[in-house]
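So that the names make sense, note that chain A is the first sequence line, chain B the second, and so on, each numbered from 1. Owing to the predicted nature of the structure, the values given are computational and were not obtained by experimental measurement.
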Number of protein chains: 2
Amino acid sequence: MTAVKTDASDIAEASLRRTGARMTRPRIAVLAVLLAAERALTHTEVESRLPASLGVNRVTIYRVLEWLTEQGLAHKIAGDDRVWRFNAAEHAHRGPHAHFQCSDCGQVLCLDPVTSGPAVKLPAGYRQQRVELTVKGLCADCVPVRRKAGSHRHPH
Amino acid sequence: MTAVKTDASDIAEASLRRTGARMTRPRIAVLAVLLAAERALTHTEVESRLPASLGVNRVTIYRVLEWLTEQGLAHKIAGDDRVWRFNAAEHAHRGPHAHFQCSDCGQVLCLDPVTSGPAVKLPAGYRQQRVELTVKGLCADCVPVRRKAGSHRHPH
DNA sequence: GCCTGATTGCAACAAGGTTGCGAAAAATGC
DNA sequence: GCATTTTTCGCAACCTTGTTGCAATCAGGC
Ligand SMILES: [Mn+2]
Ligand SMILES: [Mn+2]
Ligand SMILES: [Zn+2]
Ligand SMILES: [Zn+2]
């Protein structure tokens with residue numbers, strides 16, 4: 001009797017209800033996709049993970065992602081490939097935290113909250129708001145195999 | 001008899017000669033623009049600061065900027081407005097250093113070399129290459145004026 | 001069930017950047 | 001200076017990511 005595939009959908013619905021705003025099919029579905037994801041997703045990735053049966057328009061996905069971000073239910077990350085990536089805010093990633101981006105496949109991951117950013121000095125008159133820390137490197141899939149013939153996939 | 005406006009051009013030519021590659025008008029001009037700039041410039045900004053008399057094509061500017069970056073004569077910075085900004089590498093900014101981006105006007109500045117990034121832990125199998133540190137905030141032009149009627153320009 | 005404003009779908013647009021290819025311009029050797 | 005070789009440039013067309021205006025639809029309150 002217990003739902004099994006609605007796992008993420010249920011959490012999504014609950015979170016949405018808490019905002020007091022309208023609960024719509026696209027919102028639930030998009031948030032569920034983000035919640036089920038193990039890493040930050042681009043708009044295109046969200047689109048392709050969305051049940052095709054829903055037929056959600058791509059513009060709607062853009063709008064929902066933006067809206068989720070405003071509501072604090074998601075946060076978006078700018079990689080250096082000029083593509084936004086979105087993450088559900090649930091994952092305990094409320095406060096400021098660092099990000100990792102693979103310089104080969106572009107994949108983005110939230111890292112653990114950073115203890116203390118090194119102080120940087122700004123020119124006079126400038127005001128600091130927050131510090132973003134991004135680690136660039138190779139993800140497990142993109143690190144070249146060492147000696148054993150391995151499972152090096154290239155998810156471009 | 002001493003040249004006066006060629007300041008940046010001369011340095012540009014010298015740097016280019018050192019690469020051993022071809023010295024072309026667009027390369028000299030674009031690098032001179034970067035050298036004369038007080039901050040990182042977008043492609044469009046470079047284009048508008050280039051002597052119109054040269055009639056350099058915008059595609060060429062893209063290609064030259066990319067090439068300068070490969071040669072180590074410039075470096076490019078990804079802001080969160082999905083626009084590349086370029087800086088001449090001369091400015092003593094050889095090593096790793098932090099960047100500032102104004103969250104209002106988008107302006108990007110190179111900051112001083114950072115002493116020591118806080119160590120972040122990556123998942124198993126991930127390899128770290130470098131750490132990027134970006135300070136977000138308001139530049140002097142975008143900080144709201146306090147009490148004296150001031151010179152608050154908005155260079156959007 | 002009906003009303004009303006919030007949301008969605010569609011089509012058209014925009015910015016930033018890339019690609020293919022023939023023409024023009026550097027370097028090089030004479 | 002001139003021809004030769006190779007790189008670079010200009011142009012037009014294209015692509016990706018994201019935005020906007022507006023009419024049609026839907027969620028929530030009654
Ligand atoms: Mn994150
Ligand atoms: Mn810099
Ligand atoms: Zn990777
Ligand atoms: Zn500013």
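- In this entry the distance linking CG of B/Asn57 with P of C/dG17 reads 15 Å, nearest Å.
- A salt bridge links A/Glu13 with A/Arg17: the distance from a Lys NZ or Arg NE/NH1/NH2 to an Asp or Glu carboxylate oxygen falls below 4.0 Å.
- Not a single donor-acceptor contact under 3.5 angstrom links the side-chain atoms of A/Arg22 to the base of D/dG29.
- Residues A/Trp84 and A/Leu50 share a hydrophobic cluster, clusters being chains of Ile/Leu/Val/Met/Phe/Trp/Tyr side chains in contact below 4.5 Å.
- Between the side chains of B/Gln101 and B/Lys136, at least one donor N or O lies within less than 3.5 Å of an accepting N or O.
- Side-chain to base pairing of B/Arg58 with D/dG10: no donor and acceptor N or O lie closer than 3.5 Å to each other.
- Distance CD1 (B/Ile61) to P (C/dG17): 12 Å, rounded to an integer number of Å.
- Among the heavy atoms of the strands lying under 4.0 Å from B/Val83 are primed sugar atoms or P, OP1, OP2 only; no base atom is included.
- In this structure, B/Leu54 atom CG and C/dA25 atom C1' are separated by 14 Å, rounded to whole Å.
- Phosphate contact (OP1/OP2 of C/dT8, side-chain N/O of A/Thr24, threshold under 4.0 Å): present.
- With rounding to whole Å, B/Leu65 atom CG is found 15 Å from D/dT8 atom P.
- Side-chain atoms of A/Arg82 stay outside donor-acceptor range of the base of D/dT17, with no qualifying N/O pair under 3.5 Å.
- The phosphate of D/dC26 has neither OP1 nor OP2 within less than 4.0 Å of any side-chain N or O from A/Arg25.
- The nearest whole Å value for the distance from the CD atom in A/Glu45 to the C1' atom in D/dT16 is 15 Å.
- Under the 4.5 Å side-chain heavy-atom criterion for Ile, Leu, Val, Met, Phe, Trp and Tyr, B/Leu65 and B/Leu54 are members of the same hydrophobic cluster.
- Linking Ile, Leu, Val, Met, Phe, Trp and Tyr residues whenever their side-chain heavy atoms come within less than 4.5 Å leaves B/Val83 and B/Phe86 in two separate clusters.
- At the phosphate of C/dT18, neither OP1 nor OP2 sits under 4.0 Å from any side-chain N or O atom of B/Tyr62.
- Between the CD atom of A/Glu47 and the C1' atom of D/dT16 there is a distance of 13 Å, rounded to whole Å.
- Atom-to-atom, CE of B/Met23 to P of D/dC9 comes out at 12 Å; the value is rounded to the nearest Å.
- B/Trp67 comes within 4.0 angstrom of no nucleic acid atom, judged by non-hydrogen atoms across all strands.
- Per the geometry, CZ belonging to B/Phe86 stands 11 Å off C1' belonging to C/dG16, to the nearest Å.
- Counting any heavy atom pair closer than 4.0 Å across all strands shown, A/Arg63 reaches a base atom.
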